[in-house]
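Remember, it's 1-based here, ligands and their atoms both numbered in the order they're listed.
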Amino acid sequence: MKITNDVIYIGVNDHKIDLFEGQYDVPNGMAYNSYVILDEKIAVFDTVDKKYGDEWLKNLELALNGKVPDYLVVQHMEPDHSANIAVFMEKYPNTMVVGSDKAFLMMKQFFGNDYSQARLIVKDGDKISLGKHEITFYTAPMVHWPEVIVSYDSYDKILFSADAFGKFGALDIEDDWACEARRYYFGIVGKYGMQASKLLEKASALEINIICPLHGPILAENLSYYLNLYKIWTSYEVESDGVVILYTSVYGNTKKAVELLEKELLAAGCPKVTVSDLARSDMHEAVEDAFRYGKLVLATTTYNNDVFPFMRELINELIERNYKNRKVAIIENGSWAPSAQKKIREMLSVLKGIEILDKSVTIRSSMSEENKAEIKELAKLLK
Ligand code: FEO
């Protein structure tokens, strides 16, 4: 697939995968993107997952049409992109491997070879010229590993953005970009918003017509839409107005309270209410929603004098990703010693910019009339 006259897509789709990075559900598979620039000199950008080495090498051979590459640019060493470096170097031994110093350390760790005879270590702002195409490299540490570089082709104005602007899903299935890119971003890069915004800052100085990420579609139109979403996500801003209610319920009584809160919120004029039962929905969709909206309600049962397991998992996922700048309300349920609220407050206290409402609801087994009035009040505070 041609992206421009000289830039060719040689990536692959993975429909065999069940969990990306061993934890993220990918019902629409995954794409591992790789690119070639054909100029006086030829550069290949990244390899693909181990399972797809043969298919990728065939794509590469077709693109090369009898020529041989001069450079293999290794932007990211995570094995979904780096697994075929050794196979590539066996086939094209005269290629120069380009990467950051940390990338070569990782190559040694992963493959026992750091290509010391055939490598070019690049730093922020370093360039290589392929002919018409001049490539500038920018470091992008923690987006999403420390060794990451991105590459800018000033001729076609392409940003090869590594994991940034990626999404879950293979390229032969159409789905909504924002939905799966948001789940991908907050799942994988979310903890490193500060580092990701530094990359955006570097990118803002460049004239970009096309973004070529390592996952997901090539972005060639309406780039301000994608850049604006990335600005919101990387700075932990609220993307959409509304309230997300995440809950667990054992016998349905906490669920009834959640349903009442949803109804009261909508009646009070809340523009959008999103509800998820954490035991029965994708945990990373819940994490994504928590970041998308500015107000979060956690409704859960006390369990073993602690928080019900799925809720504890959610809170740990949020803490791990530096959840911040949000308003949180708590509904707890407990039949003899409700303590979920206290534990949630303790857990969330490590986070910055989280306002936990004083007003909360404590249900004892099932909603009382007083609880119903409290939920109505809570809806007015959150709407
Ligand atoms: Fe797509 Fe961080 O690897």
Arg326 vs Glu355, salt bridge (Lys or Arg N to Asp or Glu O under 4.0 Å): CA-CA, chis, key distance, verdict: CA-CA 6 Å; Arg326 300 291 187 276; Glu355 180 198 343; over 6 Å; no

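Counting only protein atoms, the N, O or S atoms lying less than 2.8 Å from atom 2 (Fe) of ligand 1 are His76 NE2, Glu78 OE1, His144 ND1, Asp163 OD2, ordered by chain and residue number.
Closest of all the heavy-atom pairs between Met311 and Ile344 is CG-CD1, 4.5 Å.
Lys324 forms a cation-pi arrangement with Tyr236, by the criterion of a distance under 6.0 Å to the ring centre and an angle within 45° of the ring axis.
Listed by first and then second residue, the side chain to side chain donor-acceptor pair (under 3.5 Å) pairs involving residues 301-314 are Asn305-Ser339 (not counting sequence neighbours).
His215 has its closest N, O or S atom to atom 1 (Fe) of ligand 1 at the position named NE2.
Of the candidates Phe291, Phe186, Tyr24, Phe20, Tyr24 is the only one forming a ring-ring contact (aromatic ring centres under 6.0 Å, His included) with His284.
With values rounded to the nearest 0.5 angstrom, Asn209 atom CG is found 7.5 Å from Leu223 atom CG.
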